[in-house]
Amino acid sequence: MTPAHFAAEDSAPQRLAGATRAEIARALVDLGVPERERNMRVSQLWHWIYHRGAREFSAMRNIARPLLDRLAARHTLARPDVVTEQVSADGTRKWLIRMPPAHIGDKGAEIECVYIPESDRGTLCVSSQVGCTLNCSFCHTGTMPLVRNLTAAEIVAQVLVARDRLGDFPGGVAPSDGLVPSGEGVRAVSNIVFMGMGEPLYNLAAVRDAIAVLTDGDGLSLSRRRITVSTSGVVPEMQRLGAECGTMLAVSLHATNNSLRDRLVPLNRKYPIEPLLQACRYYPGASNARRITFEYVMLKGINDTPAEARALVRLLKGIPAKINLIPFNPWPGSPYQCSDWETIERFSEIVFNAGYASPVRTPRGRDILAACGQLKSESEKLRARARMMLEESLVVGQD
Ligand code: SAH
Ligand code: SF4
């Protein structure tokens, strides 16, 4: 096994921050740790890396010095580099993270990860791929060519970076801007949504391994019910997601008929609305207490009439559902506009009167292009332009 997140060159230290238990065990085998003590050592390392957030082997006080020295000689607990950190006026934080090369010939990759604080929770929006192959016509990420899948370790590393930055490990110090939920027993990162770059169900093996690390009770201990995986509708993988990950499901529906959905979400040509909804009906664990979220982006003059709201309600009949109306977030050159506020309200009222909770997702971090579908890291041009556009509203590292 050559874990993909390990260093691309033999001489470079191998990264253990983000590793699965199996990968840590393999590292110990390679160091010659005898089998009889291996499980214990894995547990110790696991605790330090994921419960305590250790960034140096030397911090691991219950592990003997010679083993720590051997670990430090070949391995590192370094996180991927944070290239930029932007803090929106509303507390939303966006990190541009540079992943080191995952294998020989790989140039490394930049991805974005967004943190959204609310009074009672902190949600981290993670990426599963660099770019996306699916080209939804309203999504910025879809306009960048796929560079590659992220490894499980790279997905987990996004959470480690966020917790480091938010002072969310024991002994950590929260940022002084006060824009992070805090208090007795409150975790800065309490929820994870796979709604950043990429289609998680096109990278399900890595997403599943990452979720196993995130939910492990001896480490990061996140609840599966507080992890939501959003898909544009990769029907054949949905059953596996539910069975193997046990997380909450969100489905990007966005249209109530196939001809419009074909245009908005081209994957619909392969997996149209009917089989998609059928897969939702059979999603493992879905119930009134664990509803499936249907995301619906509000596009002016495209999918926002009262008739479509009623069609949406009819379509979802019999499925334990929540409907999440997302005001369209424009990006430079985007071909759509966001529906008017009154139109969104009317739409939401119809859905609400039909008995569905229909929170309108408040756009967060718009001033730093951190809102849904605005993520796109590769374009220097965009970054320069966005910076120019946003200079005024951006609050970076404010005390
Ligand atoms: N690929 C997955 C997850 C990432 S996208 C998916 O499509 O579900 C996360 C959510 O943001 C999806 O519901 C997506 O449709 C939505 N989205 C994409 N671009 C958007 C934009 N410009 N404005 C608002 N929502 C957008
Ligand atoms: Fe990919 Fe999701 Fe964007 Fe569609 S909405 S292009 S599936 S990231």
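Order of listing sets the numbers, starting from 1, for every ligand and every atom in it. For clarity, every value in this text was computed on a predicted model and none was experimentally measured.
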Using heavy atoms and a threshold below 4.0 Å, how should the contact between M195 and ligand 1 be classified: side chain, backbone, both, or neither?
->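 Both backbone and side chain.
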
Atoms of ligand 1 less than 4.0 Å from [X] heavy atoms?
| X | answer |
| --- | --- |
| C139 | 18 (C), 19 (N) |
| G196 | 4 (C) |
| F194 | 3 (C) |
| E295 | 10 (C), 12 (C), 13 (O) |
| F138 | 15 (O), 17 (N), 18 (C), 19 (N), 20 (C), 21 (C), 22 (N) |
| I326 | 24 (C), 25 (N) |

Where ligand 2 meets [X] - atom numbers and elements under 4.0 angstrom, heavy-atom basis:
| X | result |
| --- | --- |
| L134 | 7 (S) |
| N135 | 6 (S) |
| S232 | 7 (S) |

Do Y356 and F294 make the cut of ring centroids closer than 6.0 angstrom?
->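 They do not qualify: ring centres at least 6.0 Å apart.
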
Please confirm whether F138 and H254 have ring centers closer than 6.0 angstrom.
->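 They qualify: ring centres under 6.0 Å apart.
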
Check contact between [X] and ligand 1, using heavy atoms of the residue and a distance below 4.0 angstrom.
| X | answer |
| --- | --- |
| E199 | yes |
| H254 | yes |
| S128 | no |
| W331 | yes |
| G198 | yes |

Given R226, which of T215, T123, N191 fulfils the side chain to side chain donor-acceptor pair (under 3.5 Å) condition?
->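 Single side chain to side chain donor-acceptor pair (under 3.5 Å) partner of R226 among T215, T123, N191: N191.
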
Examine all N, O or S atoms of C139, backbone included, and report whether one is under 2.8 Å from atom 4 (Fe) of ligand 2.
->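 Within the cut-off used here (under 2.8 Å), C139 places no N, O or S atom near atom 4 (Fe) of ligand 2.
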
Pick one of side chain, backbone, both or neither for how C136 approaches ligand 2, counting any non-hydrogen atom pair under 4.0 Å.
->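 Near ligand 2, C136 shows its backbone as well as its side chain.
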
May I ask you to identify, for V265, whether its side chain, its backbone, both or neither come under 4.0 Å of ligand 2 on a heavy-atom basis?
->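 Looking at V265 and ligand 2, no heavy atom falls under 4.0 Å.
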
The one among N329, T231, T141 that brings a heavy atom closest to atom 23 (N) of ligand 1 |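 Among N329, T231, T141, the closest heavy atom to atom 23 (N) of ligand 1 belongs to N329.
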
Just go through S232, P327, S252 and tell me whose heavy atom is the nearest to atom 13 (O) of ligand 1.
->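 Among S232, P327, S252, the closest heavy atom to atom 13 (O) of ligand 1 comes from S252.
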
Any donor-acceptor pair under 3.5 Å linking the side-chain atoms of [Y] with those of [X]?
| X | Y | result |
| --- | --- | --- |
| T256 | Y296 | no |
| S128 | E199 | no |
| N324 | E295 | no |

Taking 2.8 Å as the cut-off, does an N/O/S atom of C132 lie below it from atom 1 (Fe) of ligand 2?
->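 Under 2.8 Å: C132 contacts atom 1 (Fe) of ligand 2 through an N, O or S atom.
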
With a distance cut-off below 6.0 Å to the six-membered ring centre and an angular limit of 45° from the axis, does R93 pair with Y115 as a cation-pi contact?
->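 Because its charged atom misses either the 6.0 Å distance or the 45° angle limit, R93 does not stack over Y115.
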
Qualifying salt bridge (Lys or Arg N to Asp or Glu O under 4.0 Å) pairs, either residue in residues 338-347, two or more places apart =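 Pairs touching residues 338-347 that pass the test: K300-D340.
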
Assess whether salt bridge (Lys or Arg N to Asp or Glu O under 4.0 Å) is satisfied between R79 and E154, documenting all intermediate values.
-> CA-CA 9 Å; R79 282 56 163 136; E154 288 170 332; over 6 Å; no

Expected output: side-chain R187 to main-chain D168 donor-acceptor under 3.5 Å |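 It does not hold such a pair.
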
Just by distance, do the side chain of R15 and the backbone of A78 share a donor-acceptor pair under 3.5 Å?
->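 Present.
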
Heavy-atom pair of closest approach, residues E237 and L201 |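 In terms of heavy atoms, the two residues are closest at CG-O, 3.6 Å.
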
Got a salt bridge between K270 and D262, using NZ or NE/NH1/NH2 to carboxylate O under 4.0 Å?
->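 No, K270 and D262 are not salt-bridged.
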
